[in-house]
2 protein chains.
Amino acid sequence: MRSTDPDSDSRRSPNSSPETAEKILTAAVAEFARHGFTKTTVRGIAAAAEVSPGLVIHHFGSKDGLRSACDEHVFERITESKAKNASYATMAVQMMFDDPEMSTAVDYLVKSLLDPSEHGQRYFDHYVDLVESYLTDGFAGYTFRQSEDPHGQAATIAVMALAPSILEHRLHSVLGTEDTTDMMTRLAPHLLDLYLHGAIESVPEDSDLGDEES
Amino acid sequence: MRSTDPDSDSRRSPNSSPETAEKILTAAVAEFARHGFTKTTVRGIAAAAEVSPGLVIHHFGSKDGLRSACDEHVFERITESKAKNASYATMAVQMMFDDPEMSTAVDYLVKSLLDPSEHGQRYFDHYVDLVESYLTDGFAGYTFRQSEDPHGQAATIAVMALAPSILEHRLHSVLGTEDTTDMMTRLAPHLLDLYLHGAIESVPEDSDLGDEES
DNA sequence: TTTAATATTAAACATGCGTTCAACAGATCC
DNA sequence: GGATCTGTTGAACGCATGTTTAATATTAAA
């Protein structure tokens, strides 16, 4: 196929570039993250990457092929960053909103989750498993309430954790925030309170949902 | 020269067939709820309503006009049912998943929330206000933890409450459930536990997030 | 019955989409 | 020098979309 010897290559004219494919892929991830898969057009990606629409297809076969390539790329970025940060929760979270490429990667994942595609399901399954391991083994010194149905519990928590990112735009309008960091800062104390103590102060007297824990 | 201009408000013609328009509108709500606004086609709606595509446009002016009509219709359905059920929480919830029309109305709302349209924002704002009133005044005998930032707290809780519906498809795949009722039944105990007691059992020793509440 | 207005349809129109194609420009190898 | 392969483009193709139009069917009024 294509031999990419870095040292035998000298800087050349706009032709001959393994960079080009990467440029297209980066533009595609950004476009998909912003508009979702359906509304994103090949022409739009080509324009963002400053190439012709035909070249996009030439490199990735089809729009779906490009999507698959984006999936792999984003998955690598996310997992590699997760490995680097290991158990440093706050650091990882901060990174997700500070590093712009990581931020678009997260947006990409969210859009994948909302599209009814298999890729998004893979991400979600992976995420639920991760949450389940955190719930059982603890995470960064935190321990969690145990349940008879750890998988259901993990799915519940996972969904809750994803919700603010999914409805970010709606939250911005309601809270008057302008970027992700501001919004998350505003939400953080309430999320912490919810996770630490719940939301309900007292139940009706005739309720049987009292404190009959195991 | 046919004038279909939106010139006057009283377009109520003496000989209109209200059944047909209503049939189209019902079909449209269902299609929008299932596939979202963008992926839903006028031809698809027309087929579902067993009419010609042209008639859809004739009755509602455009696809966007049809969407607006759907918005009003769904909004009426939701609010009228909410008024009927007043403070009977469980009853209202059950109705949402038992009454098929109410169920598609909810799906429609969720899709509206994910589309970056103004309509969805109206719904969300309304919902956050509702949650805020519940948080301050209580709801069906329940009282809730008070916060210095009730609006932010309401937004947080609202987002959490919407999350399972938004990710319903993803949850079905993870939990092996097949309909909304099964899924919600599976989630219910964990949601209850979260809302009653939170999710975190203990924090790291060096953490300053202890129980220093106001 | 005649007339006018609406309800409805099939076909056509205009546009935007993903994709294909023919041609060209460099690079590599003989 | 060709010969050949790849990167790249601009134009075109085929198709699906939202919408328009011309014509027909139906209804109500005169």
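Here is how names work: the chains are called A, B, and so on, in the same order as the sequence lines, proteins then strands, and each is numbered from 1. A quick note: this is a predicted structure, and the numbers were derived from the prediction, not measured.
In this structure, the CD1 atom of A:I57 is 18 Å from the C1' atom of D:dT6, given to the nearest Å. As rounded to whole Å, 11 Å separates atom P of C:dG18 from atom CG of A:D64. Remark: P of C:dA10 and CD of B:E50 are 13 Å apart, rounded to the nearest angstrom. Counting to the nearest Å, the P atom of D:dT19 and the CG atom of B:L66 are 10 Å from each other. The nearest whole Å value for the distance from the NE2 atom in A:H58 to the P atom in C:dA25 is 17 Å. For the pair B:K23 NZ and C:dA7 C1', the interatomic distance rounds to 12 Å; values are reported in whole Å. If you measure from atom CD of A:E19 to atom P of D:dG7, you get 13 Å, rounded to the nearest angstrom. With rounding to whole Å, B:I45 atom CD1 is found 18 Å from D:dA16 atom P.
Here B:R145 pairs with A:D193 in a salt bridge; the nearest charged N to carboxylate O distance falls below 4.0 Å. Salt-bridge formation is not detected for the pair A:D71/A:R122: no Lys NZ or Arg NE/NH1/NH2 atom is positioned less than 4.0 Å from an Asp or Glu carboxylate oxygen.
A donor N or O paired with an acceptor N or O is not found under 3.5 Å between the base of C:dG16 and the side-chain atoms of A:R43.
Between atom OG1 of residue A:T156 and atom CD of residue A:Q153 there is a gap of 7.5 Å, rounded to the nearest 0.5 Å.
OP1 or OP2 of C:dT8 has at least one side-chain nitrogen or oxygen of B:H59 nearer than 4.0 Å. For B:T20 and C:dT8, the shortest distance from a side-chain N or O to OP1 or OP2 is below 4.0 Å.
With D:dT9, D:dG18, C:dG18 as the candidates, the nucleotide lying closest to the side chain of B:T41 is D:dG18. When distances run from any side-chain atom of B:V51 to the nucleotides D:dT9, C:dT9, D:dT19, the shortest one goes to C:dT9.
Nucleic acid contact for A:T40: sugar-phosphate only, since backbone atoms but no base atoms lie under 4.0 Å from a heavy atom of the residue. Among the atoms of the strands shown, base atoms are found under 4.0 Å from some heavy atom of A:S52.
The aromatic rings of B:F75 and B:H126 lie perpendicular to each other, with more than 60° between the two planes, well past the 30° mark.
Here the options are B:I157, B:V131, B:L135, B:T136, the test is side chain to side chain contact (heavy atoms under 4.5 Å, CB included), and the partner is B:F144; only B:L135 passes.
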